[in-house]
Structures are given as structure tokens and as C-alpha cells.
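It should be emphasised that the depicted structure is a prediction, and the values quoted were computed from it without experimental measurement. Quick note on labels: first sequence line is chain A, next is B, and so on, each numbered from 1.
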There are 2 protein chains.
Amino acid sequence: MVTRKEVAELAKVSEATVSRVFNGLGPMKPATKERVLEAAKVLGYHPNAIAQSFARRRSGNLGVVLPYMPKVHLFSAYYFAEILSGIGEQVREQGYDLLLSLLTPDDELDYGRLYRSQKVDACVILGARDTESQRSSLLQLQEQGLPFCLVNQRFEGLSFLEVDADHVEGSYQAVRHLLDEGYRKIAFLNGSPQYTNSLDRLQGYQKAMLEAGLTIDPSMQFEGNYSRTSGYEIAAKVWEIRDQVEAVFAANDRMAIGLMQGLRERGWIAGRDYAVIGCDDSDAAKLSDPPLSSIKVPFFEMGKQAARAVLASVGQGSSESGLQVKLPTEVKIRQSSKLGALRAGS
Amino acid sequence: MVTRKEVAELAKVSEATVSRVFNGLGPMKPATKERVLEAAKVLGYHPNAIAQSFARRRSGNLGVVLPYMPKVHLFSAYYFAEILSGIGEQVREQGYDLLLSLLTPDDELDYGRLYRSQKVDACVILGARDTESQRSSLLQLQEQGLPFCLVNQRFEGLSFLEVDADHVEGSYQAVRHLLDEGYRKIAFLNGSPQYTNSLDRLQGYQKAMLEAGLTIDPSMQFEGNYSRTSGYEIAAKVWEIRDQVEAVFAANDRMAIGLMQGLRERGWIAGRDYAVIGCDDSDAAKLSDPPLSSIKVPFFEMGKQAARAVLASVGQGSSESGLQVKLPTEVKIRQSSKLGALRAGS
DNA sequence: TTGTAGGCGTTATCAG
DNA sequence: CTGATAACGCCTACAA
């Protein structure tokens with residue numbers, strides 16, 4: 001590998017000058033700069049990023065931690081691609097690189113590993129859950145002044161950097177849409193309350209229902225684990241109380257689709273016999289039959305803002321910590337929740 | 001940050017000894033080791049990975065490069081999750097980290113950037129295409145002795161590290177399956193020939209057809225771009241020749257599903273009026289209606305083997321380059337290709 | 001505008 | 001078995 005020293009020799013300047021040229025620092029004679037660049041090109045010199053990190057005491061890496069969930073595919077392709085791309089775009093603009101960290105359930109407790117080894121300057125954390133162990137790990141990170149930003153998850157009572165979507169409003173709008181279509185008996189298929197998303201959606205659901213003068217019936221609420229399979233299984237339960245159900249609001253697309261599949265096997269077709277609306281507006285929503293209405297979430301933008309926020313706090317000792325961003329969502333109407341036979345017949 | 005020096009002082013040994021303890025090198029008195037570990041624990045010492053990389057002249061990072069394609073979602077969640085997890089697992093076993101590099105079309109030419117900055121010791125390259133520019137970039141990498149491994153793509157005539165699935169055999173089996181079900185008029189919806197996958201699938205298709213004594217009719221072959229939309233659009237063309245089509249073999253699940261959607265709008269239902277089989281056995285195959293038969297590809301294992309292969313070649317000057325792995329696939333039968341009304345009626 | 005020199009935290013070699 | 005001590009490639013005051 002060709003080093004700065006060789007460039008300096010060829011260009012007949014000091015090594016410091018070479019650095020200055022490459023870092024665009026200080027005033028310098030154009031001729032000098034020219035000579036250095038020429039020499040660098042001739043030799044094929046490129047600064048050694050590791051050495052730079054070492055000297056600057058900054059890795060230049062943004063960590064992205066995401067839990068690996070073998071069975072439950074927590075993330076849709078859409079989520080994945082969008083959020084990573086968002087992070088990637090921001091990161092690139094700031095000259096950072098992305099270090100991916102796949103957590104197995106075992107080392108969830110150990111968010112600190114990445115930082116301690118100083119391979120990342122900050123982290124964006126995806127797929128966090130509100131558990132005791134995660135709370136304490138994150139608190140510890142914060143105490144140590146290690147910058148991180150949570151995406152799509154909040155921790156009530158704690159003041160972290162958080163970028164989220166407005167799931168309360170999104171859910172409210174989704175249920176409102178169902179109400180507007182004339183449905184009254186609206187069931188809710190939620191995910192685990194360990195995700196604040198789930199709590200938000202419940203809130204939006206309740207708000208819309210109460211506002212419409214309807215009662216919140218616990219027997220109309222179901223909990224899955226965000227997998228298609230769980231939605232499929234819950235179809236059986238929904239089926240049992242089918243005479244009380246006109247529509248279902250599901251907390252994500254996968255469960256909604258699983259539900260549709262389960263009910264279809266019993267002869268109930270979404271968009272005809274009942275209405276469904278999901279969340280995320282993932283690819284699956286367009287792939288399903290009928291196409292699934294869903295709440296669109298700006299994942300790309302969320303990734304981008306999370307990266308921006310956390311990188312901004314790198315220099316300063318997390319002084320400005322506690323920024324909470326909440327981006328707007330948008331309801332996408334497709335056939336699964338359109339006025340169908342149900343309304344006419346009920 | 002607490003450094004080795006402080007540990008050495010507290011433990012009353014030299015810095016070198018601290019390093020030896022942490023690297024498990026050389027014989028050493030258990031008592032010494034104990035003292036060092038104790039001191040390290042007391043102080044909360046953790047080796048600085050950047051400094052280690054610097055001293056070892058190895059980053060300890062495996063680069064994963066993947067093209068960012070805004071519109072066409074090249075990778076399914078399944079592909080993504082599985083292959084990254086496979087790479088991740090292998091990488092972790094060897095104490096490496098993952099550096100993600102999202103390429104925009106512009107810098108596709110510039111695979112070398114990551115290496116030159118020496119932030120990665122090797123790369124796994126996903127989503128490569130056989131174009132002139134990519135060929136030459138890769139050749140250049142090889143000439144410079146920079147280790148990389150391609151996943152799911154080969155370059156005829158060149159000798160790279162390549163981990164692929166046996167798409168020829170997979171496609172052969174898929175078409176055989178359709179033939180076994182009694183279908184004879186089998187159309188083929190392929191992807192771009194820039195992907196060797198596509199060429200392989202064509203080969204498998206042709207082999208099965210010829211073996212069955214059928215002719216290869218160019219008018220029965222279509223080319224999409226692996227997106228759902230392209231499948232949807234091609235449905236119109238298939239529809240035009242519907243009297244000549246009993247079944248379709250599609251080069252991936254997305255196109256298969258798009259096709260099903262397009263044909264459904266015209267009243268043609270998969271598994272009833274015609275058969276379809278896709279490729280990848282992605283989540284979408286289970287989400288679609290009817291569930292889509294597909295060719296399962298061992299992505300996790302491919303990622304793992306790619307990582308293993310490329311990391312193995314890090315030390316040695318890519319002496320053993322040119323290893324070509326081809327993993328087996330498996331046909332998964334679902335309703336979309338099951339014996340339906342078609343056969344009975346035709 | 002440019003050069004000098006100390007330092008960054010390890011690894012690794014070589015004595016002892 | 002353990003301790004010195006030179007790298008490693010670059011950054012960054014401080015000097016000139």
C-alpha cells in the first residue's frame with residue numbers, strides 16, 4: 001500500500017502538507033496542492049481509513065443493530081430496504097460507513113459491545129422492545145454518553161433519541177376510514193404491547209371508536225405476534241364471533257394477510273364479506289388478494305432522520321439527547337376495505 | 001477510555017503482557033493472567049478495535065455490497081434476511097464485523113473504493129450483473145488481489161469465487177413438475193439475461209421441455225425485470241395467447257404473483273385455469289392467493305458459504321481463487337400448480 | 001503557507 | 001515466561 005510518506009517525497013512536501021491537501025485544511029498555495037494531487041495520482045495513493053480512524057479517535061462507522069429473528073420475519077422487504085437505504089443515504093452524505101450488527105436473542109442485553117470496541121461512533125437501533133433488560137441496557141448506554149437513536153420504538157419515561165411514525169394518528173385514520181365506509185363492528189388485531197407501536201395503534205383505534213359513539217369491546221381485540229401465521233391462527237377466533245365482526249384493523253400487513261387467508265378458507269372473503277386494513281403498506285399489501293388497504297409509514301425518511309439525529313449528537317456529549325421525532329403516516333385504500341357486499345347485506 | 005497502559009500499571013506487568021493475555025498468546029503464568037484480567041475488569045478495560053486493526057493491518061470487516069434499486073425491489077425480505085443472516089453467522093464465528101455498502105448505480109463501477117480505504121478485508125457482492133463495466137471492475141479487483149465472493153451470479157470465462165444455487169436443476173425440476181401434472185403448453189417468464197440465474201433457468205426449462213419431446217417456442221418466452229409490475233404487465237401478453245398456454249414457469253415469485261394478478265383481472269385463476277410456479281420460495285409465495293409453488297433456494301447457506309470462502313482467502317494472496325460452489329434447490333409445491341380444472345377440461 | 005514532532009493504542013519482534 | 005521497543009499511517013498543535 002502506498003502511504004502518505006511516499007506521496008510527500010514525490011511531491012517534495014512534508015507529510016503534513018499531504019494531509020492538508022486531502023483534508024482540505026488550511027490555506028495553501030494552489031501549486032503545492034496540484035503537485036500533491038499529481039503525486040498521489042501517479043502513485044495511486046488513497047488514505048488509509050483505519051489509520052485515519054485511529055488518529056481521529058473516531059471510527060467513522062454508524063452501527064445499525066437489528067435483532068435476528070429466525071422464524072418471525074419481523075421486517076418486510078419494504079421496511080428493510082427503505083430504512084436501510086434511508087440510513088445509507090444520510091450516512092453517505094456525512095462520510096460515514098454502515099456497520100451492521102445482527103443480534104441474537106442472547107446478546108440483546110449487550111448493546112454496549114459495539115461501542116466498547118469503539119468500532120462505531122453511534123448506533124441506530126431497530127426492532128427494540130420495551131423490556132426490563134432492554135431498558136436497562138439502553139439507560140446504561142445513555143449514562144456512558146454513547147449516542148444512539150431508536151427507530152419505531154419509544155420508551156415512556158426515558159429520554160432517548162427516537163424517530164417514530166405517528167401510529168396513533170395513522171390508526172385513527174384507518175379506523176375512521178372503516179367507519180366512513182359504514183362499518184361499525186370493527187375488530188382489532190394487535191401485536192405485542194412490548195412495541196410502543198402496538199400501544200399507539202390501540203390508542204388510535206380506541207379514539208376513533210369512542211368518537212363514533214361505539215364501545216370498546218375487549219372480545220373484539222386480539223393479539224398476534226406480527227407474523228402471518230399468527231394472523232392465520234387468529235382467523236379461527238375471529239370466525240367464532242363472525243356475526244359480531246364487519247371489519248378488522250390489523251397492526252401489520254402480514255397478520256392482516258394471514259387473517260385473510262384463514263377466513264378465506266372458511267369462505268369469508270375480504271372486501272366482500274368483511275373489510276380489512278393493515279399497517280406498513282409493505283409489498284405484501286400489493287401482493288395479496290384482494291390488495292390490502294394499509295397505513296403507509298415513511299420508513300426511508302425515518303431511517304434518514306434517525307441517522308442524521310444520532311450523527312449530529314456524536315461530537316457533543318449527547319447534550320441534545322431526547323429529541324423525539326414523529327413522522328406522519330398515510331392511509332392507502334385498496335380493495336380489502338372498499339365498500340363490498342357486506343354493507344349492502346347488513 | 002481506559003487503555004492497556006492503565007491495566008498494565010494496575011496489574012504491575014508490562015503492556016505487552018496485557019496484550020498477551022487478551023490475545024491468548026504464548027505461555028504465561030496463570031497468576032499473571034489472573035492479575036491482568038482482574039485489573040482489566042476493575043478498570044472496565046476493553047481493547048480498542050480500531051487500534052487493533054491499525055496494528056494488525058486488517059480491518060476485521062467483511063464488506064457486503066448490494067446495489068440499491070429504488071423501484072425494483074430486487075431482494076425479497078426472505079432473501080435479505082436469510083443471506084445477511086448467513087453471512088452474519090459466519091462472520092461472527094470468525095470474529096469479523098459486517099460493513100454494509102449500498103451502491104447507487106453511479107458507483108457500481110467503483111467496487112474498489114471500499115478496499116482502497118482498507119475498511120474491509122474482503123467483500124461479498126450481492127446483486128451483481130454481467131455487464132462490461134462490472135466485469136472489468138471485478139477483474140481489476142482480482143488483479144489487485146482483493147478477495148471477493150459473488151453470490152447468485154457467475155461470470156463465464158472468469159475465475160472468481162462464486163456461490164450460487166443450482167438454478168438449472170431447480171428449473172428443470174420445476175418444469176418437470178408441471179409436465180408431471182399433465183401440462184404441456186408451458187410458457188416461461190424470465191428475467192434479464194444479465195443475471196446468470198436467468199440463463200440457468202432458461203437452460204433448465206429447455207432441457208425439461210426437450211426431454212419431454214416438446215418444442216421450444218420463442219413466442220412462449222417472455223422477459224420481465226423481476227418486479228411484480230413487470231409480471232403484471234406481461235399478463236396482458238400471455239392473455240393474448242391464452243389458448244396456447246396451460247402453465248407458466250416464472251423466474252421469481254414477484255413476477256409470478258404479478259402475472260397471477262394480471263390474469264385474475266381477466267378471469268383466469270391460477271391453480272384453476274392454468275398453473276404457475278415461481279422461484280425463490282420467498283414469503284410472497286406463502287402470502288399469495290393461491291399460495292404459489294416455487295423453487296426454494298438456500299439463501300442462508302449461500303451467504304454463509306460465501307462469507308466463509310472469501311474470509312478463507314484473506315490471508316493467502318487469493319491463491320485458491322476460483323472456487324465455484326453450487327448449492328441444491330428444492331421444488332415446493334403449493335396450490336398454484338396443483339392439478340386443477342384445466343387438466344380436466346383440456 | 002509549510003514543516004516539525006508528538007501522540008493515538010495495539011501488535012509483534014527480540015532479548016533476557 | 002516477561003519486558004522493552006520499534007513500527008503502523010495519519011492528525012494536529014506549534015513553530016517557523
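Between Met1(A) and Pro30(B), the residue whose closest nucleotide on DNA chain D is further toward the 5' end is Pro30(B).
Protein atom CD1 of Ile50(A) is 14 Å distant from nucleotide atom C1' of dC8(C), rounded to whole Å. Protein atom NZ of Lys12(B) is 16 Å distant from nucleotide atom P of dT2(D), rounded to whole Å. To the nearest angstrom, C1' of dG3(C) lies 15 Å from CD of Glu9(A). Across the protein-nucleic acid pair, Arg35(B) atom CZ and dC1(D) atom P stand 14 Å apart, rounded to whole Å. What separates CZ of Phe22(A) from C1' of dG9(D) is a distance of 13 Å, to the nearest Å.
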Could you write nucleotides 10-16 of chain D as a row of B, S and -, 5' to 3', where a protein heavy atom under 4.0 Å of any base atom gives B, of only sugar-phosphate atoms gives S, and otherwise -?
-> BBBB---
Let me have the donor-acceptor pairs involving side chains of residues 298-306 of chain B, under 3.5 Å, with sequence neighbours excluded, atom names and distances please.
{"from": "Glu301(B)", "atom 1": "OE2", "to": "Gln305(B)", "atom 2": "NE2", "distance (Å)": "3.4"}
{"from": "Lys304(B)", "atom 1": "NZ", "to": "Glu89(B)", "atom 2": "OE2", "distance (Å)": "2.5"}
{"from": "Lys304(B)", "atom 1": "NZ", "to": "Glu93(B)", "atom 2": "OE2", "distance (Å)": "3.4"}

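Applying the salt bridge (charged side-chain N to carboxylate O under 4.0 Å, His left out) rule to pairs touching residues 131-151 of chain B yields Asp130(B)-Arg135(B), sequence neighbours excluded. A salt bridge (charged side-chain N to carboxylate O under 4.0 Å, His left out) check over residues 11-25 of chain A, counting only residues at least two apart or in different chains, returns the pairs Arg4(A)-Glu15(A). Sorted by first and then second residue, the side-chain hydrogen bond (donor to acceptor under 3.5 Å, both in side chains) pairs with a member in residues 48-67 of chain A read Asn23(A)-Arg56(A), Asn48(A)-Gln118(B), Arg58(A)-Tyr96(A), Ser59(A)-Asp121(A); sequence neighbours excluded.
As judged by a 4.0 angstrom heavy-atom cut-off over every strand, Val18(A) is placed among residues making no nucleic acid contact. Using a 4.0 Å heavy-atom distance criterion, Thr32(B) is classed as a sugar-phosphate-only contact.
Arg308(A) meets the salt bridge (Lys or Arg N to Asp or Glu O under 4.0 Å) test with no other residue; sequence neighbours excluded.
Partner of Val64(A) under the side chain to side chain contact (heavy atoms under 4.5 Å, CB included) criterion, out of Val120(A), Leu84(A), Leu99(A): Leu84(A) alone.
The phosphate of dG3(C) (OP1 or OP2) has a side-chain N or O of Thr17(A) nearer than 4.0 angstrom.
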